[in-house]
Amino acid sequence: MTDRKDEQLAGHRSGPDLSPLTTQQGVRVDHTDDSLSAGVRGPTLLEDFHAREKITHFDHERIPERVVHARGAGAYGTFAPYDDALAEFTCARFLTDPAVETPVFVRFSTVAGSRGSADTVRDVRGFATKFYTGQGNYDLVGNNMPVFFIQDGIKFPDFVHAVKPEPHNEIPQAASAHDTLWDFVALQPETLHMMLWLMSDRALPRSYRMMQGFGVHTFRLVAGDGRGTFVKFHWTPRLGTHSLVWDETQKIAGKDPDFNRRDLWDAIEAGQYPEWELGVQLIPESDEFAFDFDLLDATKLVPEELVPVRPVGRMVLDRNPDNFFAETEQVAFHTANVVPGIDFTNDPLLQARNFSYLDTQLIRLGGPNFAQLPVNRPVAPVTTNQRDGYHQQTIHTGRAAYHRNTLSGGCPVVGGDLADGVFAHYQEKVDGAAVRERAESFRDHYGQAALFWHSMSDVEREHIVAAFRFELGKVAERDIRAGVVGHLNRVAHDLAERVATGVGVPVPAATAAPPRDRRSPALSQLPVRSDSVATRRVAVLVTDGVDGAGLATVASALRERGAVVETLAPADGTVRTAEGDLPVDRAMNTMSSVLYDAVIVPSGTTDLVRDGYAVHFVAEAYKHAKPLAAFGSGVEVLRAAPLGNVRLAGGPDVTTDRGVVTTLAEAGRIGDDLATAFVAELARHRAWERDTDAVPA
Ligand code: HDE
């Protein structure tokens, strides 16, 4: 389906066609494999303009990567509000007119790694959306976590220098487990709340399609009459919020460093379009001081129990870019790209961002005309008095590029108000002495860190402790480890104790900490709130003799519900079944259990008991708490794997134990009951109740 943005982009596309090779000047080329030289073994001649142009362009192909968020993946789509319910708060038409479908481009990213780093590292994920609205571009440049590391943008260079690879040896790549980051954390308790999020499962998203997004700052909606309302933006994925486990992410980083990118690309190509619901928390200006934290402090969230999230509209991503560089690399987001009806607050982090994005893009995209790049162009008409500069694409006609003029009849005209769709800054009275001082209301760094910790389920807490143990365990300086543990002790003593014992520093004495009984259930990813198995990837291990009919029953039940089912055999090609040859989707050695959400072993595969790769596949999936199913003699493969004391079926009845679904029913007797039980486990995502400590995988 095309929309206004797509139509606009069409004019810039240059497809593969049957035209002959030319130079940049359009001159046809007779030869491009050998340089022009003086004699076949002689020196290359300067006269070879084609070779020079070809090499020169190549020499200049790279642009600087983003200073943060360098690694990303993007897609186009649309957004539409459900109704006009926000109309009393904002005059932004794209949020209030359900008849308006706004084209969007979204770029997801990791933060610390370079452009070529792996997708599944422990990190925050960027979630940046450009809305090409009829009133100009609006960029919601958010993350998948609702808070941030620091309160004031002046500390951003310090923070980024601490988290990026260390300057003397550029190690480690895309990893926070090193001394400089934790040195920074130990000395800046304002980072603590975000560090708990970073150590949580949120830092290991299963898919960009299964992540929440947050605007982070408190922004302002502005009604046509100039009234302001504070707002926090939330994106909620339709497929639920799901994560990987740490061991799995590290293995994926080697097996498929493009895991999240590929997942987004493949889902869109397959027509399984990712969707998010946009929600808002609205806070009247009269409640600005109603909370025990400051709304302008980006290290704090507004608990959903205090201010519920109101659903506003739906975003669907349905088209992959045509060219990564032209679109995903050259897209330029900016927090200051706002449209009438949306405005800023005095959040000192936001204020710094409003400076930084344009500034960085001037160098990254090579001059002041990057808004003319196809992906960045608004669909709204653009008329400025800005002229010239590198890479100017527009031929401005006329003589008067200044305001006020008579020579162009006074055009372009200036004026109007919000009600006319003209941006007018929110009128806030500002009065204060110039000071370098943090507001008293920004002082508490432990309260919401504790709220997060106490809102987690047991398994999520275990993961957080394991993450701290891993990260601090990689820190060489013991004093830094102890410093961080000291801060954790002020969040919750049990957290500090569990981390301290793992990283070999003394357990500090219990000290005053925030209340343990404050919880915000919305912060936990568990229990899983979506019962969909759509787009879940299921591996079916097969070999010659597999029960093709049983496999077909289970596979079709899964496919009907939108899951992706792939058959993996010791070798590519086909395997023999009683019903004939069955095509194999992948050779097992090219894949790994970590690239799937669940595994099935059908009947007739007992040969796999002697295949270490297959047995490891099952054991590793079990270790990562993934659903497993086996039927008939396929159960033997599960028995060969070290699955602890998990209960397997002793007869034809379907047995489910800790996410493992089995039956000894043989060929022709596999019914819907197996599929139904397995689908229920798959919808649960992981069987966290499993004790997998002893499983060697
Ligand atoms: Fe960014 N950030 N940021 N950031 N940020 C950039 O802009 C910056 C912050 C976020 O896919 C840069 O064009 C400062 C918070 C995303 O292209 C840069 C501060 C949040 C992306 C920059 C912050 C973000 C960026 C690098 C502290 C979540 C990727 C290249 C004051 C709400 C956008 C670029 C994309 C990118 C600056 C803090 C999200 C340098 C100074 C908080 C998703 O301008």
Side-chain angles (χ1 to χ4, degrees), residues 63-76 104-115 119 123-130 137 139-164 188 190-191 193-194 197-198 202-203 205 208 211-219 231-235 260-261 264 296-301 317 321 324-337 344-366 370-371 373 375-376:
I63 64 170
E65 65 175 31
R66 288 169 174 78
V67 58
V68 284
H69 295 264
R71 168 95 185 156
Y76 292 96
V104 297
F105 183 80
V106 176
R107 182 173 179 273
F108 302 105
S109 49
T110 54
V111 180
S114 289
R115 253 192 76 178
D119 279 346
D123 204 348
V124 188
R125 299 301 187 282
F127 188 144
T129 308
K130 190 178 283 294
N137 286 351
D139 294 352
L140 181 55
V141 198
N143 279 343
N144 76 328
M145 299 179 191
V147 289
F148 202 63
F149 297 95
I150 47 168
Q151 296 174 319
D152 187 323
I154 196 171
K155 293 223 57 70
F156 194 63
D158 298 303
F159 165 69
V160 174
H161 288 173
V163 70
K164 280 270 187 179
Q188 304 284 331
E190 71 195 67
T191 55
H193 184 197
M194 181 64 163
W197 281 84
L198 188 67
R202 303 284 182 143
Y208 290 140
M211 281 185 339
Q212 281 180 288
F214 301 92
V216 176
H217 310 280
T218 302
F219 294 94
V231 62
K232 291 269 189 187
F233 290 108
H234 293 242
W235 289 115
N260 288 139
R261 254 185 196 189
L264 178 68
L296 303 184
D297 173 359
T299 67
K300 306 295 185 299
L301 50 83
L317 298 184
F324 184 89
F325 179 83
E327 296 165 285
T328 311
E329 193 60 17
Q330 294 201 110
V331 67
F333 296 95
H334 185 10
T335 47
N337 288 349
F344 315 115
T345 59
N346 296 333
D347 172 345
L349 200 68
L350 175 59
Q351 301 268 320
R353 295 181 75 197
N354 284 345
F355 164 74
S356 175
Y357 289 69
L358 171 60
D359 180 47
T360 198
Q361 282 145 15
L362 286 172
I363 186 146
R364 187 170 74 80
L365 298 170
F370 61 83
L373 290 167
V375 67
N376 294 326

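Both ligands and their constituent atoms are indexed starting at 1 by order of listing. Because the structure is predicted, anything quoted here is derived from the model rather than measured. Just so you know, residue 1 is the first one in the sequence shown, and it goes up from there. Note that these values count all heavy atoms, side chains included, but never hydrogens, waters or copies made by symmetry.
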| query | Would you find a donor on one side and an acceptor on the other, under 3.5 Å apart, between the side chain of Q361 and the backbone of F333? | reply | yes
| query | What class does the angle between the rings of F108 and F127 fall in, given that below 30° is parallel, 30 to 60° is tilted and above 60° is perpendicular? | reply | perpendicular
| request: Using atom types as modelled and distance alone, determine if a side-chain donor or acceptor of N376 lies under 3.5 Å from a backbone N or O of Q330. | output: yes
| query | Which pair of non-hydrogen atoms, one from T218 and one from T345, has the smallest distance, and what is that distance? | reply | O-OG1, 2.7 Å
Ligand 1: protein N/O within less than 3.5 Å of ligand N/O:
residue  : atom   : partner : partner atom : Å
ligand 1 : 2 (N)  : Y357    : OH           : 2.9
ligand 1 : 3 (N)  : Y357    : OH           : 2.9
ligand 1 : 4 (N)  : R353    : NE           : 3.4
ligand 1 : 4 (N)  : R353    : NH2          : 3.4
ligand 1 : 4 (N)  : Y357    : OH           : 2.9
ligand 1 : 5 (N)  : H69     : NE2          : 3.4
ligand 1 : 5 (N)  : Y357    : OH           : 2.7
ligand 1 : 11 (O) : R107    : NH1          : 2.6
ligand 1 : 13 (O) : Q361    : NE2          : 2.9
ligand 1 : 17 (O) : R66     : NE           : 2.7
ligand 1 : 17 (O) : R66     : NH2          : 3.3
ligand 1 : 17 (O) : R107    : NH1          : 3.4
ligand 1 : 44 (O) : S356    : OG           : 3.1

| said: Taking side-chain contact (heavy atoms from CB on, under 4.5 Å) as the criterion, tell me which of D158, V160, L349 meets it with I150. | reply: L349
| query | In terms of ring plane angle, is the pair F159 and F148 parallel, tilted or perpendicular, where the classes change at 30° and 60°? | reply | perpendicular
